[in-house]
Participant: 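First, the structure itself, so that you have it in front of you.
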Amino acid sequence: MESVKVAVTGAAGFIGAYLSRRLADDGHDVVAIDNFLRGEPARIAGHAGIRGERCDVRDTDALASALDDVETVFHLAAINGTENFYNRPELVLDVGVRGVLAVMDAARRAGVPDIVVASSAEVYQTPAVVPTDETTAMVIPDPLNPRYSYGGSKLISELIAFNYGKDVFRQVQVFRPHNVYGPDMGWKHVIPQLIGKAQAAAAAGESAIEIQGDGSETRAFCYVDDIVDGIIRMHAAGGHREVYHIGSMEEVSIRDLVGRIVTGLGLALDVRPGPAMEGGTPRRCPDIGKMGAIGYVPRITLDEGLLRTIAWYVDHGPMERNALL
């Protein structure tokens, strides 16, 4: 797209920061909206073309002011991380649902023509078909399980985006990212947690690390740069009121993932099965054919991406591993 003014909510978060920097590098004027509850200001500070705007995504009035003259809002603000789904479900739902309502209302008030909303593979929970395409039914199997606070908030976000945007916005799009990873993603996700566990086990002279479950679960991880490429391509070439899976189809078991991480760290550790969290998904892999039809191809293999990610965490140490959020 031509150089314009855009806004990113959750801009100091993991994907938000990568997206904000890429948009600025592409010549856009980026309004980086974040309240910095979880986001790190250093991720975007001093980057040419990015103007930080401290704002809670649930504050409609503040958002409307920040969105003045903006052409596209990329709404990524959320409380992510599996630990938070289980331990802070009320906050996850509050930010997820009230946040998207405030963004849509503020964008309408400010006259923003284009909206891009981040959803999640969590809307499927245990999908009926794998690889999973965008037409697969979204399911919340148990409202009593706090894990589904995140998937539920994303399902609601999609409904709000498409129904609020039906007659108001020029273009409304939703993307469902699948198992994004990369340097500086925080510690509340499976890959950095496994890196930390392996480092701790080696330091303690242990011969194995314990994982959740038996490691037979599979995921298709996608490097963050490929996700950002997909978001930008979707916005430029995708359709109005459409949903797109952005990810990779390189599926791997968690046990295999652990082995690759251990090898990447230069260690020799066995895997010890442990208790599984209730509500986990046995298999997850997106069908990315719809994105492929508009030219999207993920470029970074899992092995290459893991080496980059491991190197970052080795260099930066266990910062914030015990942070509240």
Side-chain angles (χ1 to χ4, degrees), residues 1-2 6 8-10 13-23 25-26 28 71-76 78 80 100 114-125 127-139 150-151 154-155 157-159 161-162 165 169-182 185 191 218-252 281 283-305 308:
M1 59 181 175
E2 63 182 21
V6 300
V8 179
T9 72
F14 172 48
I15 303 175
Y18 276 85
L19 177 61
S20 296
R21 296 193 298 260
R22 168 66 183 278
L23 289 167
D25 291 345
D26 286 348
H28 303 295
E71 284 290 309
T72 302
V73 176
F74 296 87
H75 174 48
L76 277 70
N80 204 341
V100 73
D114 291 0
I115 305 289
V116 174
V117 174
S119 184
S120 170
E122 290 282 337
V123 298
Y124 300 116
Q125 302 312 325
V129 178
V130 181
T132 307
D133 71 16
E134 292 85 350
T135 66
T136 302
M138 298 183 286
V139 177
Y150 185 71
K154 289 300 186 180
L155 194 160
S157 293
E158 293 193 21
L159 288 170
F162 288 130
F169 299 103
R170 177 177 63 194
Q171 180 168 275
V172 178
Q173 297 167 317
V174 168
F175 68 95
R176 296 175 186 153
H178 281 64
N179 293 97
V180 190
Y181 75 101
M185 69 183 299
I191 287 176
T218 69
R219 297 292 184 268
F221 293 92
C222 189
Y223 193 70
V224 62
D225 286 346
D226 284 331
I227 294 290
V228 169
D229 285 348
I231 296 169
I232 292 172
R233 180 168 293 276
M234 177 197 71
H235 179 255
H240 174 45
R241 301 186 79 225
E242 294 283 350
V243 179
Y244 295 88
H245 284 171
I246 305 179
S248 166
M249 296 183 70
E250 187 180 356
E251 193 174 2
V252 62
T281 302
R283 187 182 176 202
R284 180 173 290 150
C285 177
D287 182 331
I288 59 173
K290 188 173 180 179
M291 279 296 298
I294 59 171
Y296 170 73
V297 179
R299 300 174 292 108
I300 309 300
T301 66
L302 180 58
D303 285 335
E304 181 181 350
R308 296 183 188 184

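Positions are given from 1, in the same order as the sequence printed here. Small disclaimer: the values here were computed from a predicted structure and weren't measured. When reading the values below, keep in mind they use all heavy atoms of this one structure, side chains included, and skip hydrogens, waters and symmetry mates.
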Participant: Show your reasoning for whether side chain to side chain contact (heavy atoms under 4.5 Å, CB included) applies to Asp114 and His235.
Facilitator: CA-CA 9 Å; Asp114 291 0; His235 179 255; 3.3 Å; yes
Participant: Please determine if Arg299 and Asp229 form a salt bridge, counting it only when a charged side-chain N lies under 4.0 Å from a carboxylate O.
Facilitator: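 Yes, charged N to carboxylate O under 4.0 Å.
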Participant: Shortest non-hydrogen contact from Cys222 to Ile227?
Facilitator: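 So the two residues come closest at SG-CD1, 3.7 Å.
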Participant: Rounded at 0.5 Å granularity, tell me how far CG in Asp25 sits from CZ in Arg21.
Facilitator: 8.5 Å
Participant: What is the distance from atom NE2 of His240 to atom CD1 of Ile115, rounded to the nearest 0.5 Å?
Facilitator: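 Output value for this atom pair is 11.0 Å.
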Participant: Can you find a heavy atom in the side chain of Val180 that is under 4.5 Å from one in the side chain of Tyr223?
Facilitator: no
Participant: Tell me the closest heavy-atom pair linking Tyr150 and Ser120, and the distance in Å.
Facilitator: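 Heavy-atom minimum between the residues: CE2-OG, 3.5 Å.
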Participant: Regarding Ser248 and His178, is there a side-chain donor-to-acceptor distance under 3.5 Å anywhere?
Facilitator: no
Participant: Indicate the atoms forming the closest heavy-atom contact of Val123 with Leu155, along with that distance.
Facilitator: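 Smallest interatomic distance, heavy atoms only, reads CG1-N, 3.8 Å.
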Participant: Can you name the closest pair of heavy atoms from Gly151 and Gln125 and give their distance?
Facilitator: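 Looking at all heavy atoms of both residues, the shortest contact is CA-NE2, 3.9 Å.
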Participant: State which residues pass side chain to side chain contact (heavy atoms under 4.5 Å, CB included) with Asn179; sequence neighbours excluded, sorted by chain then number.
Facilitator: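 With sequence neighbours excluded, Asn179 shows a side chain to side chain contact (heavy atoms under 4.5 Å, CB included) to Arg219, Phe221, Arg284, given in chain and number order.
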Participant: Please name all residues satisfying ring pair (Phe, Tyr, Trp, His ring centres under 6.0 Å) with Phe169, sequence neighbours left out, ordered by chain then number.
Facilitator: none
Participant: Would the Tyr124 and His245 ring centres measure less than 6.0 Å apart?
Facilitator: yes
Participant: Go through the steps for Leu19 and Ile231 under the test side chain to side chain contact (heavy atoms under 4.5 Å, CB included), then give the verdict.
Facilitator: CA-CA 8 Å; Leu19 177 61; Ile231 296 169; 4.3 Å; yes
Participant: Compare all side-chain heavy atoms of Ser119 with those of Val174 and state whether any distance is below 4.5 angstrom.
Facilitator: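 Of all side-chain heavy-atom pairs linking Val174 with Ser119, at least one is under 4.5 Å.
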Participant: Could I get the full list of ring pair (Phe, Tyr, Trp, His ring centres under 6.0 Å) partners for Phe14, not counting sequence neighbours?
Facilitator: Tyr18
Participant: Could you pull out the closest heavy-atom pair between Ala237 and Ile294, with the gap in Å?
Facilitator: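 Nearest heavy atoms, Ala237 then Ile294: O-CG2, 3.9 Å.
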Participant: Report yes if the side chains of Met291 and Ile246 come closer than 4.5 Å at any heavy-atom pair, otherwise no.
Facilitator: yes
Participant: When rounded to the nearest 0.5 angstrom, what distance separates CG in Asp225 from CD1 in Ile300?
Facilitator: 6.5 Å
Participant: Take Val116 and Thr72, measure what side chain to side chain contact (heavy atoms under 4.5 Å, CB included) needs, and give me the verdict at the end.
Facilitator: CA-CA 7 Å; Val116 174; Thr72 302; 4.3 Å; yes
Participant: How long is the gap from CD on Glu242 to OH on Tyr244, to the nearest 0.5 Å?
Facilitator: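 Glu242 atom CD to Tyr244 atom OH measures 4.5 Å (nearest 0.5 Å).
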Participant: Are Val252 and Leu302 close enough that some pair of their side-chain heavy atoms sits under 4.5 Å apart?
Facilitator: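 The answer is yes; the side chains approach within 4.5 Å.
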Participant: Kindly write out the residues that satisfy salt bridge (charged side-chain N to carboxylate O under 4.0 Å, His left out) with Arg176, not counting sequence neighbours, or none if the list is empty.
Facilitator: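 With neighbours one apart ignored, the set is Glu158.
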Participant: Glu122 versus Lys154: any side-chain heavy-atom pair under 4.5 Å?
Facilitator: no
Participant: Can you list the steps and then say if Phe175 with Val117 is a side chain to side chain contact (heavy atoms under 4.5 Å, CB included)?
Facilitator: CA-CA 7 Å; Phe175 68 95; Val117 174; over 6 Å; no
Participant: Hey, could you give me the NE2/CG distance between His28 and Leu23, rounded to the nearest 0.5 Å?
Facilitator: 5.5 Å
Participant: With sequence neighbours excluded, tell me which residues meet salt bridge (charged side-chain N to carboxylate O under 4.0 Å, His left out) with Arg283.
Facilitator: Glu251
Participant: Could you pull out all residues at least two apart from Asp133 that satisfy side chain to side chain contact (heavy atoms under 4.5 Å, CB included)?
Facilitator: Thr135, Thr136, Asp287
Participant: For residues Val8 and Gly16, report the shortest heavy-atom separation together with the two atoms involved.
Facilitator: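 Scanning both residues, the minimum pair turns out to be CG1-O, 4.0 Å.
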Participant: Do Phe162 and Val172 come close enough that some side-chain heavy atom pair is under 4.5 Å?
Facilitator: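 The answer is yes, as the side chains (C-beta and beyond) meet within the 4.5 Å cut-off.
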Participant: Quick check for you: to the nearest 0.5 Å, what is the distance between Gln171 atom CD and Met234 atom CE?
Facilitator: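 It is 8.0 Å, given to the nearest 0.5 Å.
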